[in-house]
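Data first, discussion second: the structure below is written as structure tokens.
Within every chain, numbering begins at 1; the chains are lettered A, B, ... in the order of the sequence lines, protein sequences first and strands thereafter. The basis for the numbers below is simple: all heavy atoms, side chains too, and nothing from hydrogens, waters or symmetry mates.
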Amino acid sequence: MLDLKFIRENPEQVKRAIEVKHISLDLDELLRLDRDLIALKQRVEAMQTERNANAKLVPKATPDERPALIQKGKDLSEELKALEPQLRGEEEKLKNLLLRVPNIPLDSVPLGQDDTENVELRREGTLPQFAFKPLDHVELLELQGWSDPERVARVSGSRSYLLKGEAVMLEMAVLTFTLDFLAGRGFTPLSTTALVRPETFTASGHFPGGEDQVYKMEGDEMMLAGTAEVPVNSLYAGEQLQQSQLPLAFAAISAAFRSEAGAAGRDVRGLIRVHEFRKVEQYVLCEADQAVALEWFEKILKNAEDLLAALELPYRIVQNCTGDMGAGKVLMYDIESWVPSEEKYRETHSCSYLGDWQARRTGLRYRDEAGKLVYAHTLNNTGIASPRILVPFLENHQQADGTIRIPAALRPYLGGKEVIGKPVR
RNA sequence: GGAACGGUGUCCGAGUGGUUGAAGGAGCACGCCUGGAAAGCGUGUAUAGGUGCAAGCUUAUCGAGGGUUCGAAUCCCUCCCGUUCCGCCA
């Protein structure tokens, strides 16, 4: 959500954001509604002033004066009752429009329609050279007896997965390693539920718009979040923090659920796109200073890069163009890891800076040094998401005999093993 | 699932119809005091909106919505949320 005052004062800037982000929203309608609402409010308030003043006179009035005052109060009350529902209705309408107003991207963000126009910033790591024909992750899992696709499908349908044997330990290792790593960089580890109240999605900015991505509970209001960003963002909702309490930086592990509506037929095979997965998410709440926030952006980006480097996975950094960045975002980079079987990079991380857009929806405020209440800035980036990360991991580290080499950084989390799997080729 | 209790300001907590935006305390800020600090003393300290150059004026807000009333934090109804106890249970 943007500050309504800002929207009034900078309509052109907002319109441009709406345009480049391809959001269907009539800002003029919003502005018109806003103007009408102010006029209506002024009318109502004038009447309220009169009513209040009148009511104050009653106890002081003489018995003779009283009936007239009470009658006047009745009339005013009557009139107000007619207007108040209208006022409330208009306010509701404005609020709904306001929730759809996107944040303004930085000037440096490339313009574009969709993800095909994202811009590669750089590539890191060395692509693996195989002296044999590498297998894809699905084949590797099967070869090692680490998966059981037919049976899981029977139990949990498509886009589900199951890990078995050493692959389970690998998944746990990757998650634990990430938590450990981020904790070492000052992030507070957090284990959260994915089951959340619906309003947390509005707070995070996923609603309105993302409703069809979210699983809802039958007979219950609760919903399943697709990322710990949702619960963590709402953790301090409505509170008034002290600036000295900031920044708050979390490494939150949770299950993540996504319906993947609209992704029909895409990545149905393997571990890339599943309905339920586990993720460690970096989430930062910092002071409302863009320079400070952008430093955090670099930090959480670097964290993810260093993690990938430790896992010895080649990756590239892609800057999301305006059409692919989401309404709330000011700046967004994806990290894509190399997937040998597809001979391309696939998104494994997504790093976002949202200014105060998310905090304003959530009510994340703090008192600054001058004693003023201001909305904080928020950022988030993936730490690691599994099983998706296992795709590049297994494929990049496979050896000729079908075993998987474990990078040194991960070995302590796997009982020191340098290799997992049996030689089966 | 059953039952009871409760939701007030940054926090704790008073407040059952009229000048209560809300006692008191804590916290915080500033000042005095001090070699420095603590304690102590004093003063100040809600948010959002409208209007105004400003001082200010004004409206809303005591979980939410509705009702009663000239007037509601206070009375009534509905809903939401929380806590506790019992039951069930990984």
Side-chain angles (χ1 to χ4, degrees), chain A residues 1-9 30-99 101 191 193-203 207 216-223 231 234-246 248 255 285 287-288 356-357 359-376:
Chain A
M1 201 154 70
L2 289 180
D3 184 5
L4 185 53
K5 259 189 199 147
F6 175 86
I7 300 174
R8 282 177 199 149
E9 286 160 15
L30 185 152
L31 292 169
R32 205 178 316 119
L33 195 60
D34 176 45
R35 275 193 302 273
D36 293 351
L37 190 60
I38 288 176
L40 181 61
K41 245 186 187 162
Q42 286 171 345
R43 258 177 75 200
V44 169
E45 283 181 11
M47 287 164 62
Q48 284 170 329
T49 308
E50 206 182 340
R51 180 202 58 192
N52 292 349
N54 184 257
K56 275 186 188 172
L57 294 178
V58 174
K60 292 185 219 156
T62 64
D64 293 349
E65 298 167 330
R66 239 169 238 231
L69 287 173
I70 288 176
Q71 187 52 47
K72 190 179 170 199
K74 269 186 189 172
D75 295 344
L76 284 167
S77 222
E78 202 79 357
E79 272 184 84
L80 267 168
K81 260 175 202 150
L83 280 180
E84 273 166 352
Q86 191 191 342
L87 182 66
R88 211 172 301 280
E90 302 280 287
E91 267 172 337
E92 187 67 17
K93 255 203 270 181
L94 181 66
K95 173 112 202 269
N96 286 337
L97 286 177
L98 219 42
L99 284 176
V101 175
S191 173
T193 58
L195 193 65
V196 293
R197 299 184 192 287
E199 57 267 27
T200 58
F201 287 99
T202 307
F207 290 0
K216 299 163 182 64
M217 296 294 117
E218 177 81 38
D220 196 324
E221 288 289 282
M222 303 298 273
M223 300 180 179
S234 280
L235 217 50
Y236 293 84
E239 296 192 30
Q240 297 182 16
L241 302 169
Q242 295 297 322
Q243 178 153 4
S244 58
Q245 292 176 262
L246 302 181
L248 293 169
L285 181 68
E287 66 181 282
D356 68 3
W357 190 87
R360 196 177 289 279
R361 295 168 160 257
T362 312
L364 294 172
R365 297 187 295 176
Y366 68 91
R367 212 167 274 285
D368 69 11
E369 279 132 349
K372 243 188 88 182
L373 266 185
V374 292
Y375 288 100

Requested in this report: Map Pro85(A) and Glu45(A) onto RNA chain B by nearest heavy atom, then report which one ends up closer to the 5' terminus.
Outcome: Glu45(A)
Query raised in the report: Mapping Gln48(A) and Asn54(A) onto RNA chain B by nearest heavy atom, which one lands closer to the 5' end?
Result: Gln48(A)
Given the [atom1] atoms of [N] and [M], what is the spacing between them in whole Å?
N	M	atom1	result
A90(B)	A14(B)	C1'	44 Å
G67(B)	G17(B)	C1'	15 Å
U74(B)	U61(B)	C1'	16 Å
U68(B)	C77(B)	P	15 Å
G24(B)	U8(B)	C1'	14 Å
G71(B)	U59(B)	P	15 Å
C57(B)	U69(B)	C1'	27 Å
C62(B)	G15(B)	C1'	10 Å

Requested in this report: I would like to know whether Glu79(A) and Arg43(A) meet side-chain contact (heavy atoms from CB on, under 4.5 Å); could you show each step before the answer?
Outcome: CA-CA 11 Å; Glu79(A) 272 184 84; Arg43(A) 258 177 75 200; over 6 Å; no
Query raised in the report: Can you find a side-chain donor-acceptor pair between Gln71(A) and Asp75(A) that sits under 3.5 Å?
Result: yes
Now, which nucleotide makes the Watson-Crick or G-U wobble pair with [N], with each of the two distances under 3.5 Å?
N	answer
A14(B)	none
C57(B)	G50(B)
A22(B)	none
C62(B)	none
G6(B)	C81(B)
G87(B)	none
A29(B)	U43(B)
U34(B)	none

Considering just the side-chain nitrogens and oxygens of [X], establish if one lies under 4.0 Å of OP1 or OP2 belonging to [N].
X	N	value
Lys56(A)	U19(B)	no
Asn52(A)	U59(B)	yes
Lys81(A)	U68(B)	yes
Arg8(A)	G50(B)	yes
Arg197(A)	G82(B)	yes
Thr49(A)	C57(B)	no
Arg365(A)	U47(B)	no

So what does [X] touch, heavy atoms closer than 4.0 Å: a base, only the sugar-phosphate, or nothing?
X	answer
Lys72(A)	nothing
Leu373(A)	sugar-phosphate
Arg43(A)	nothing
Arg360(A)	nothing
Arg51(A)	sugar-phosphate
Lys41(A)	sugar-phosphate

Calculate the interatomic distance between [X] atom [atom1] and [N] atom [atom2]; express it in whole Å.
X	N	atom1	atom2	answer
Glu239(A)	U10(B)	CD	P	11 Å
Gln240(A)	G27(B)	CD	C1'	13 Å
Glu221(A)	A64(B)	CD	P	19 Å
Asp220(A)	C81(B)	CG	P	9 Å
Gln242(A)	C28(B)	CD	C1'	7 Å
Leu76(A)	U59(B)	CG	P	13 Å
Leu87(A)	U61(B)	CG	P	12 Å
Gln42(A)	U59(B)	CD	C1'	11 Å

Query raised in the report: Does a sphere of radius 6.0 Å around NZ in Lys372(A) hold more than 12 heavy atoms from other residues, nucleotides or ligands, not counting ones at 6.0 Å or beyond?
Result: no
Query raised in the report: Considering all heavy atoms of both residues, which atom of Leu364(A) and which atom of Ala237(A) are nearest to each other, and what is their separation?
Result: CD2-N, 3.8 Å
Query raised in the report: For Pro198(A) and Phe207(A), which heavy atoms make the closest approach, and how far apart are they?
Result: O-CD2, 4.1 Å
Query - Pair Arg360(A)-Asp356(A), salt bridge (charged side-chain N to carboxylate O under 4.0 Å, His left out): steps then yes or no - result: CA-CA 6 Å; Arg360(A) 196 177 289 279; Asp356(A) 68 3; 2.8 Å; yes
Report task. Output, in order, the C-alpha distance, side-chain angles, deciding distance and verdict of side-chain contact (heavy atoms from CB on, under 4.5 Å) for Leu87(A) and Leu37(A). Result -> CA-CA 7 Å; Leu87(A) 182 66; Leu37(A) 190 60; 3.8 Å; yes
**Report entry** From Glu65(A) atom CD to Lys60(A) atom NZ, the distance as rounded to the nearest 0.5 Å
**Finding:** 11.5 Å
